[in-house]
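For reference, the structure is listed below as structure tokens.
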Amino acid sequence: MTKSIAFISALACLATGCAGATNLETSQAITAAAAPELYADADKWLCLPGRQDSCDQDLTTTVVAADGTLTREAFDASPDQPIDCFYIYPTLSLDRSGNADWNEGPEEGRVLHQQLARFADVCQVYAPKYRQITMLGVSGRSGEKMADLYRVAIADVKEAWNHYLANYSDGRGVILIGHSQGSRMLINLIQDEIDGKPSQERIVSAYLNGTSVVVPEGRDVGGTFTAMPLCRSADQTQCIVAYRSFRADSGPVNDYAATERPGMEIACVNPAAPGGGKASLHSYLTTDALMGGPKPRFVNDGPEIETPFASVPGLLSGECVSNESGQYLAISINADPSDPRTDDITGDIYTGGKINPAMGLHLIDINLVMGNLLDLARSQTRAYLAAPR
């Protein structure tokens, strides 16, 4: 159990930025370079437009009404989208080394299914492979230094980004999407390649899900980024969405990223209400069990859901809060014991058979707000395309 707890702590550190990991954001620490034209090889991409790949999966959803009524929602995205999405995935590799190899496994397909494939409804999807820091590397048991592992991973991400710009984008706007380690990689990419530079004009928005972006207290810019502010309206572009989700009755255990920076706070932008306040969440929740947790049931004493996703309109709401635990997206469950629909959700991380409060609802950060992120992307895309350039 001690090793499990140490691993979860290291994963939280890499996702949100703790003492050692925060320093890895700085460009001075990044010196490795990926091989030139590495990403000219189509096999180095998990998802590319115009081909059958891991982003082409069943996204059928069962909508579970409060009265227990079940309705199927099909998914049929148009191939002709006006902008692109560039996605970097979270820590998932089970390879027995500090950095992942290039081989695609079932874990990549699972996370694309949960976090990215549905974005095909708003953008052309690009998802490069990269030699991320593996589960073994995160735990510190690979025998390699975290900084060395990080250099390899971020060099790949930067090479993929520059190849995308030179060969695929054709001047189109792009939404950056990441989660956990993927969001940390995008933070570094934005700092070194985008923030305050000409390429910022190409950014529709950046969705840095499940990580810590630091800003001066009461401000929307400064800290992690010098030029790109937090998104505070649905039609604002060239801005940042960042949040970490926890149940409303809990909160972060260790706010690593802000502890060494007086006057700073961890940003929270609610995708359902960028301007602030509490809002209903349009969630797409998995119907599978997650990382040691129970298989979800969505109707009490009712049938199991047969589709890969379930939506529960009106059950969940979210609000960015700031209290003694930190700044985070507080997820409230609007339970009604008198109706047949479930009064709880799954998505917590379990360690030794018990919920680990340090990670909150990290596993489903994106699932919780997927529909809201899609609506935000549509609104921001309209604003981006309407703006003179």
Side-chain angles (χ1 to χ4, degrees), residues 15 34 38-39 42-57 59 75 77 79 81-93 100 102 104-105 107-133 153-154 156-165 167-169 172-190 193-194 199 202-211 213 240-243 271 284 362-374 376-378 380-381:
L38 179 69
Y39 287 93
D43 187 56
K44 294 296 187 291
W45 296 83
L46 293 169
C47 300
L48 285 172
R51 72 177 193 185
Q52 291 291 312
D53 53 33
S54 296
C55 278
D56 297 294
Q57 301 191 54
L59 296 170
F75 181 84
Q81 303 296 351
I83 63 160
D84 297 335
C85 287
F86 184 87
Y87 168 79
I88 305 297
Y89 48 89
T91 308
L92 52 77
S93 175
W102 293 108
E104 180 178 351
E107 57 270 25
E108 282 87 357
R110 284 193 293 269
V111 79
L112 292 170
H113 194 203
Q114 297 297 321
Q115 296 189 349
L116 181 64
R118 202 173 293 274
F119 275 93
D121 199 40
V122 297
C123 58
Q124 303 270 15
V125 174
Y126 294 84
K129 297 178 182 177
Y130 73 108
R131 289 170 292 179
Q132 69 165 206
I133 305 173
I154 189 58
D156 288 348
V157 170
K158 290 181 178 180
E159 177 65 23
W161 169 250
N162 286 313
H163 184 86
Y164 158 78
L165 288 179
N167 297 277
Y168 292 136
S169 73
R172 291 152 57 96
V174 58
I175 297 175
L176 303 176
I177 305 170
H179 182 245
S180 196
Q181 182 178 162
S183 289
R184 302 306 296 176
M185 296 294 158
L186 288 178
I187 284 174
N188 199 156
L189 177 71
I190 294 168
E193 307 283 341
I194 298 169
S199 58
R202 303 282 295 281
I203 304 301
V204 178
S205 193
Y207 301 160
L208 305 180
N209 312 281
T211 195
V213 168
I240 303 292
V241 172
Y243 64 93
Y284 284 90
H362 189 63
L363 286 177
I364 57 170
D365 280 321
I366 294 182
N367 299 76
L368 287 166
V369 296
M370 175 62 81
N372 308 104
L373 284 171
L374 295 174
L376 182 60
R378 294 183 185 101
Q380 290 179 314
T381 295

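Starting from 1, each residue takes its place in the sequence as its number.
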Q: Would you mind reporting whether P82 and T381 have side-chain heavy atoms less than 4.5 Å apart?
A: yes
Q: Compare every heavy atom of Y207 with every heavy atom of S205, then report the nearest pair and how far apart it is.
A: OG-CE2, 3.3 Å
Q. Going from CD on Q380 to CD1 on I83, what distance comes out if it is rounded to the nearest 0.5 angstrom?
A. 8.5 Å
Q) L208 pairs by side-chain contact (heavy atoms from CB on, under 4.5 Å) with which of I88, I177, V213? A) V213
Q: Verify the distance criterion only: is there a donor paired with an acceptor across the side chains of E104 and S54 at less than 3.5 Å?
A: yes
Q: Check the pair Q124, Y168 against side chain to side chain donor-acceptor pair (under 3.5 Å), reporting the backbone distance first and the verdict last.
A: CA-CA 10 Å; Q124 303 270 15; Y168 292 136; over 6 Å; no
Q: Please report the shortest heavy-atom distance between P271 and V369, naming the atom on each side.
A: CG-CG2, 3.9 Å
Q: Provide the closest heavy-atom pair for A120 versus Q81 in the form atom of the first, atom of the second, distance.
A: O-NE2, 3.3 Å
Q.
If I take atom OG1 from residue T211 and atom NE2 from residue H362, how far apart are they, to the nearest 0.5 angstrom?
A. 8.0 Å
Q | Side-chain donor or acceptor of E108 paired with backbone N/O of G105 under 3.5 Å | A | yes
Q) Given side chains that start at C-beta, do those of L59 and Y284 come closer than 4.5 Å, heavy atoms only? A) no
Q) Do you know which two heavy atoms are closest between G178 and I366, and how far apart they sit? A) O-CD1, 4.2 Å
Q | Derivation and outcome, side-chain contact (heavy atoms from CB on, under 4.5 Å), residues K158 and N188 | A | CA-CA 9 Å; K158 290 181 178 180; N188 199 156; 3.9 Å; yes
Q) So do Y243 and N209 actually touch side chain to side chain, heavy atoms under 4.5 Å? A) yes
Q: Measure the shortest side-chain to side-chain distance between F119 and M370 over non-hydrogen atoms and say whether it is less than 4.5 angstrom.
A: yes
**Q.** Any side-chain heavy-atom pair of L38 and W102 under 4.5 Å
**A.** yes
(Q) I'd like to check C47 versus L112 (side-chain heavy atoms, cut-off strictly below 4.5 Å). Are they in contact? (A) yes
Q. Can you tell if the side chain of Y89 reaches within under 4.5 Å of the side chain of L116, non-hydrogen atoms only?
A. no
**Q.** Minimum heavy-atom distance C55-A117, with the two atoms named
**A.** O-CB, 3.4 Å
Q: For D56 and D53, indicate whether the former's side chain and the latter's backbone hold a donor-acceptor pair under 3.5 Å.
A: yes
Q: Kindly determine whether F86 and L165 satisfy side-chain contact (heavy atoms from CB on, under 4.5 Å), including the steps that lead there.
A: CA-CA 10 Å; F86 184 87; L165 288 179; over 6 Å; no
Q: Kindly write out the residues that satisfy salt bridge (Lys or Arg N to Asp or Glu O under 4.0 Å) with D121, not counting sequence neighbours, or none if the list is empty.
A: R378
Q.
Salt bridge check, D43 against K129: does any charged N sit closer than 4.0 Å to a carboxylate O?
A. yes
(Q) Any non-hydrogen side-chain atom of D156 less than 4.5 Å from a side-chain atom of K44? (A) no
Q) Among pairs that include at least one residue of residues 81-92, which meet salt bridge (Lys or Arg N to Asp or Glu O under 4.0 Å), considering only residues two or more places apart or in two chains? A) D84-R172
**Q.** Spacing of CG belonging to N372 relative to CG belonging to L376, to within rounding of 0.5 Å
**A.** 8.5 Å
Q.
Is it the case that the side chain of Q132 and the backbone of S93 share a donor-acceptor pair, with hydrogens and angles ignored and the cut-off at 3.5 Å?
A. yes
Q) Which word best sums up how the rings of Y39 and H163 line up, parallel for under 30°, tilted for 30 to 60°, or perpendicular for over 60°? A) tilted
Q. Between atom CD1 of I154 and atom CZ of R131, what is the distance when rounded to the nearest 0.5 Å?
A. 12.5 Å
Q.
What's the separation between atom OH in Y130 and atom CE in M185, rounded to the nearest 0.5 Å?
A. 5.0 Å
Q. If you round to the nearest 0.5 Å, how far is CD of Q181 from OG1 of T91?
A. 4.0 Å
